[in-house]
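Take a look at the structure below.
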Number of protein chains: 2
Amino acid sequence: MLTEIREKILKGTIQVFNKKGLKLTMDDVADELKISKKTIYKEFSGKDEIFETMVDYVFDNIKAREKEILNSDGYTTIEKIRLFLSAMPESYRNINFQELYSLKDKYPKVYKKLQKRLETGWAPAFKLLEQGKEEGIIRQDADLKIFKIMMEASLERFFEKNVMKGSSKKYNDYLNEVVDILLNGISA
Amino acid sequence: MLTEIREKILKGTIQVFNKKGLKLTMDDVADELKISKKTIYKEFSGKDEIFETMVDYVFDNIKAREKEILNSDGYTTIEKIRLFLSAMPESYRNINFQELYSLKDKYPKVYKKLQKRLETGWAPAFKLLEQGKEEGIIRQDADLKIFKIMMEASLERFFEKNVMKGSSKKYNDYLNEVVDILLNGISA
DNA sequence: CGGAAACTAAATTTGTAAATTCAGTTTCCG
DNA sequence: CGGAAACTGAATTTACAAATTTAGTTTCCG
């Protein structure tokens with residue numbers, strides 16, 4: 001588990017990351033948290049380790065949320081799928097994903113971890129969807145790989161700026177509509 | 001209408017554009033067509049005009065294709081919608097769209113024309129979809145604006161490289177599956 | 001211990017002058 | 001007329017040194 005001080009630093013880093021993006025400095029983080037850099041360096045070996053731990057932190061939270069849904073009783077498979085898919089984008093809201101991808105060049109190790117965790121994060125969704133196929137509520141011939149690509153592309157587009165300006169709809173309504181259309185699209 | 005020589009130059013330009021992208025030179029085009037630059041400059045005032053005419057050329061072809069579908073008899077509304085939506089990405093295959101967007105900075109006028117034609121290209125699709133709503137085959141509460149964003153995001157992702165490597169599926173099968181899922185997703 | 005602030009070496013950004021490329025024109029030639 | 005090739009000024013790219021920023025450390029202090 002995470003110590004209190006480490007979690008505090010991670011939360012602060014995410015704060016600053018969402019504001020200043022990849023270009024955040026250690027001084028930024030220290031200022032944000034009103035602690036000195038010394039404290040940060042006592043907990044983390046450097047910027048690389050902070051970023052790596054940050055990715056783990058974000059995805060561990062998503063994973064916990066997903067586990068909750070998977071283990072909960074009283075939901076049908078289709079309800080679980082819907083909850084599960086909706087949980088993904090909601091969790092992503094905590095951190096600027098577009099910006100996370102920009103770590104690719106300067107922090108390839110962090111980027112690889114990000115990709116790996118995105119991949120494993122989808123695994124239980126695939127399991128649920130396969131189960132849905134067996135139960136006959138998902139179309140047998142639905143291509144789940146394409147489904148995944150479409151969902152990722154659509155969500156990423158929504159995370160970009162100005163996509164939904166000039167509309168009265170709320171952010172979450174959009175995400176739900178995306179999940180609805182896609183899930184409907186592969187339903188039997 | 002387009003003279004033969006102008007069309008030849010446009011086709012050659014698209015050829016080179018798909019290979020070298022935004023950075024194509026007039027010499028490239030002349031070499032590709034095995035004509036001299038002089039001939040090109042006799043037909044076009046310059047690079048700007050070629051790019052502009054190129055966008056018109058591409059979209060006029062798409063438009064003709066779409067008109068054909070719209071005016072054809074013997075199709076139900078839903079069939080027309082499916083044909084119409086499938087025609088879009090197929091037409092896009094003739095030119096590298098990802099690269100077209102990169103004209104934004106250096107050729108803002110061309111980019112604006114591109115955006116305008118993309119917008120007006122969607123208009124008949126919206127009309128068909130609205131008609132589908134009236135006929136009760138499209139969900140009344142389906143958000144067509146989101147539908148459009150999802151379709152664009154999904155198709156653009158497929159136009160990027162390596163999305164479907166390692167699969168036996170053919171390119172067009174993918175595009176059809178995308179249209180299927182989305183259309184199913186908003187169907188009543 | 002931990003904060004404030006100074007410090008250093010390395011990385012990043014900036015400015016810019018030289019080198020290269022390219023759009024558009026011109027010349028010569030068949 | 002149109003091809004081949006040379007030409008020019010403007011734009012773009014390259015190269016590189018100077019200036020700035022920043023990661024990580026150290027010092028001093030309460």
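- No donor-acceptor contact under 3.5 angstrom links the side chains of A:S187 and A:N184, judged on distance only.
- One interatomic measurement links the two molecules: NZ of A:K34 to P of C:dG3, which rounds to 13 Å at whole-angstrom precision.
- Side-chain atoms of B:M26 lie closest to C:dA23 of the nucleotides D:dG24, C:dA23, D:dT22.
- Criterion: ILVMFWY side-chain heavy atoms under 4.5 Å apart, direct or through other members. Under it, A:L144 and A:M151 are part of a common hydrophobic cluster.
- OP1 or OP2 of D:dG3 sits under 4.0 Å from a side-chain N or O of B:T39.
- Shown are B:M54, B:E43, B:E4; of these, the side chain to side chain contact (heavy atoms under 4.5 Å, CB included) with B:I9 is made only by B:E43.
- Scanning atom types as modelled, one donor and one acceptor separated by under 3.5 angstrom connect the side chain of A:K37 and the base of D:dG24.
- Note on B:I5: nothing from the nucleic acid sits closer than 4.0 angstrom, heavy atoms only.
- For the pair B:D27 CG and C:dA23 P, the interatomic distance rounds to 7 Å; values are reported in whole Å.
- A donor N or O paired with an acceptor N or O is found under 3.5 Å between the base of C:dT27 and the side-chain atoms of B:K38.
- Going from atom CZ of B:F44 over to atom P of C:dT25 covers 15 Å, rounded to whole Å.
- Note: NZ (B:K47) to C1' (C:dT21) measures 11 Å, nearest angstrom.
- Using a 4.0 Å heavy-atom cutoff across all strands shown, B:I50 reaches no nucleic acid atom at all.
- Taking atom CG of A:L33 as the reference point, atom P of C:dG2 lies 14 Å away to the nearest angstrom.
- If you take CZ of B:F51 and P of C:dA23, they are 9 Å apart, rounded to a whole angstrom.
- Contact annotation: B:K42 reaches the phosphate of D:dG2 (side-chain N/O to OP1 or OP2, under 4.0 Å).
- B:Y101 and B:F97 have perpendicular rings, their planes meeting at more than 60° on a 0 to 90° scale where under 30° would count as parallel.
- The distance from atom NZ of B:K20 to atom C1' of C:dC22 is 11 Å, rounded to the nearest whole Å.
- A residue-by-residue look at B:I35 and A:G46 shows that B:I35 has its nearest nucleotide of DNA chain D further toward the 5' end.
- Ring geometry, A:F158 versus A:Y174: the interplanar angle falls from 30° to 60°, so the pair is classed tilted.
- Taking both residues in full, the closest heavy atoms of A:D27 and A:K37 are given as OD1-CE, 3.2 Å, listed atom of the first, atom of the second, then distance.
- When distances are taken from the side chain of B:T25 to each of C:dC22, C:dT25, C:dG3, the shortest belongs to C:dC22.
- Regarding B:K23, its NZ atom lies at a distance of 17 Å from the P atom of C:dT20, rounded to whole Å.
- Taking B:R65 as the reference, B:A87, B:E90, B:S91 meet the side-chain contact (heavy atoms from CB on, under 4.5 Å) condition, with sequence neighbours excluded.
- Note on B:K106: a side-chain N or O is less than 4.0 Å away from OP1 or OP2 of D:dT12.
- B:Q131 and B:T77 get closest at one heavy-atom pair: NE2-OG1, 3.5 Å.
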Where each pair must be Watson-Crick or G-U wobble with both distances under 3.5 Å, what dot-bracket representation of DNA chain D is obtained, with crossing pairs in [ ] and other-strand partners as |? ||||||||||||||||||||||||||||||
